[in-house]
2 protein chains.
Amino acid sequence: MSAANTDVPSLVSTRLPSPVPSAEHDQCPVTEILRRVGDKWSVLVVVLLGQRTYRFNELHRGIDGISQRMLTRTLRGLELDGLVLRTVHPSVPPSVEYSLTPLGSSLLHPLSALADWALRHQLEIAAVRGRPAHGSVGLAGYGLSRSPSGS
Amino acid sequence: MSAANTDVPSLVSTRLPSPVPSAEHDQCPVTEILRRVGDKWSVLVVVLLGQRTYRFNELHRGIDGISQRMLTRTLRGLELDGLVLRTVHPSVPPSVEYSLTPLGSSLLHPLSALADWALRHQLEIAAVRGRPAHGSVGLAGYGLSRSPSGS
DNA sequence: CCGGATCCAGCGGGATACTG
DNA sequence: CAGTATCCCGCTGGATCCGG
C-alpha cells in the first residue's frame with residue numbers, strides 16, 4: 001500500500017471495453033454479493049452463525065438492536081442464497097435452528113479480509129474525516145476481542 | 001469449502017461474551033466500511049480508479065447508469081474517507097481529475113477477495129435461488145480476469 | 001417460541017433543470 | 001466541463017399487533 005496503482009490482484013481485466021457493459025440492471029453477481037455485505041444485519045448474522053448453531057430468539061437476543069422483522073427477513077434472504085440452513089424441529093413449542101451452510105461458511109474468509117482492512121486503516125480514515133476514532137474501540141459490534149462487559 | 005465451521009482467520013475472537021456488545025449505533029469501523037462496500041456505486045468507482053486517473057465525465061460515461069448526482073456524491077464520500085484524491089486543473093474549461101489514494105488502492109485487495117468469492121460461488125447461489133446464472137456472464141461490470149496472485 | 005402483516009419514517013437514488 | 005439544486009419515488013428498516 002505504497003503507490004497508488006501497484007499491482008492489484010484481480011478485479012480489473014487490464015482493460016475494459018469502454019463503458020462498463022452491464023450495470024443496467026446490475027445482474028452482476030459481484031454487485032449482488034456486495035449488496036448483501038453492505039446489508040446492515042446480514043454480515044452480523046453470518047458471523048454469529050460462523051461460531052455455532054443458533055435458534056431464532058437466541059439470535060434476536062444476541063444481536064441487540066435488530067427487530068424480529070429484520071431478523072426474519074435477513075435469515076430468509078440468506079437462506080434463499082444458500083448461505084444459511086433453516087432447520088425446524090417439530091416440538092410442542094416450535095423450535096427452529098439456523099446454521100451456516102458450507103457456502104455461507106466460505107464467505108467468512110473474504111469477509112474477514114475486509115474486516116481486517118477496516119481495522120488496520122480505521123485510524124487513517126478517522127483522521128482524514130476529522131472524526132476521532134472514539135478511543136480505541138476495536139470491533140465492538142463483532143466481538144473481536146472485547147470483554148464481557150455487561151451491556 | 002468442505003466443513004461448515006473450519007477455522008476462519010479473524011472476525012471472531014474465538015468466543016464472544018454472549019450478546020454482541022454494541023450495535024446500538026454501530027460506530028464500529030467495520031460496519032462503516034461494510035456500508036461503503038455495499039454502496040451501489042462506490043466500489044465501481046474505486047475499481048475504475050484502480051486502473052488509472054479519470055476525469056469526471058470520463059467516469060460518468062465509463063460507469064453507464066450512474067447519474068451526475070450520484071457520481072458526485074460517491075466521489076465526495078470517497079474523498080472524505082481519504083480513498084480518492086480530487087485534483088482541479090485551472091484550465092479555461094474546468095478540468096478535474098480523480099485518482100485513488102494509497103489508502104483507496106489498498107482497499108482493492110480485500111475487495112478482490114470478495115469479488116473472487118462471488119465469482120467462484122455465483123453458480124451455487126444462482127442454483128439455490130433457482131435463477132439461472134443468465135448464461136455465463138462473468139464479471140461484466142468488474143472485468144475480473146484471473147490469477148488472484150499472491151496478495 | 002417463531003414469524004407473518006401492517007403502518008410509517010428515513011434516505012438512497014433517478015430525472016431534470018440550472019450555474020460557473 | 002463539472003458540478004449544484006429540486007422534486008419525487010421506492011426500498012430499507014423500525015415498531016407494533018396478530019396468528020399458529
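Chain letters run A, B, ... following the sequence lines, proteins first, then strands; residues in each count from 1. Because only heavy atoms are used, hydrogens play no part in the values below, and waters and symmetry mates are left out as well, while side chains stay in.
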Spacing of A:Leu111 atom CG and B:Leu114 atom CG [to the nearest 0.5 Å]: 6.5 Å
Flag the pair B:Phe56 / B:Leu75 as yes when at least one side-chain heavy-atom distance between them is below 4.5 Å, and no otherwise. yes
About how many Å separate CZ of B:Arg55 and OG1 of B:Thr53, when rounded to the nearest 0.5 Å? 11.5 Å
Between CZ on residue B:Arg61 and CG on residue B:Leu71, distance to nearest 0.5 Å: 11.5 Å
Does B:Leu85 have any side chain to side chain contact (heavy atoms under 4.5 Å, CB included) partners at least two apart in sequence or in another chain, and if so, which? B:Thr87, B:Ser99, B:Thr101
So, does B:Asp39 use its side chain to make a donor-acceptor pair with the main chain of B:Ser42 at under 3.5 Å? yes
Where at least one partner belongs to residues 76-92 of chain B, residue pairs that pass salt bridge (charged side-chain N to carboxylate O under 4.0 Å, His left out), sequence neighbours excluded: A:Arg129-B:Asp81, B:Arg36-B:Asp81, B:Arg76-B:Glu79
For A:His121 and B:Leu103, indicate whether the former's side chain and the latter's backbone hold a donor-acceptor pair under 3.5 Å. no
Could you list the residues that satisfy side-chain hydrogen bond (donor to acceptor under 3.5 Å, both in side chains) with B:Gln68, not counting sequence neighbours? none
Show me the side-chain donor-acceptor pairs of residues 89-96 of chain B shorter than 3.5 Å, one per line, residues at least two apart or across chains.
{"from": "B:His89", "atom 1": "NE2", "to": "B:Glu97", "atom 2": "OE1", "distance (Å)": "3.3"}
{"from": "B:Ser91", "atom 1": "OG", "to": "B:His89", "atom 2": "O", "distance (Å)": "3.4"}

List for me each residue that meets side-chain hydrogen bond (donor to acceptor under 3.5 Å, both in side chains) alongside B:Thr74, sequence neighbours excluded, and say none if there are none. none
Among residues 83-99 of chain A, which residues get a heavy atom nearer than 4.0 Å to DNA chain C? A:Arg86, A:Pro94, A:Val96, A:Tyr98
The criterion is salt bridge (charged side-chain N to carboxylate O under 4.0 Å, His left out); which residues satisfy it with A:Arg120, sequence neighbours excluded? A:Asp116
Per-helix bend value, the helix from C:dC1-D:dG20 to C:dG20-D:dC1, C1' rotation axes over five pairs per end, 10° rounding, shows 40°
Would you grab the first and last nucleotide of DNA chain C (5' to 3') that comes under 4.0 Å of any non-hydrogen atom in chain A? C:dC1 to C:dG13
A correct 5'-to-3' footprint of nucleotides 10-17 of chain D, with B, S and - meaning base, sugar-phosphate only and no protein heavy atom under 4.0 Å, is ---BBBB-
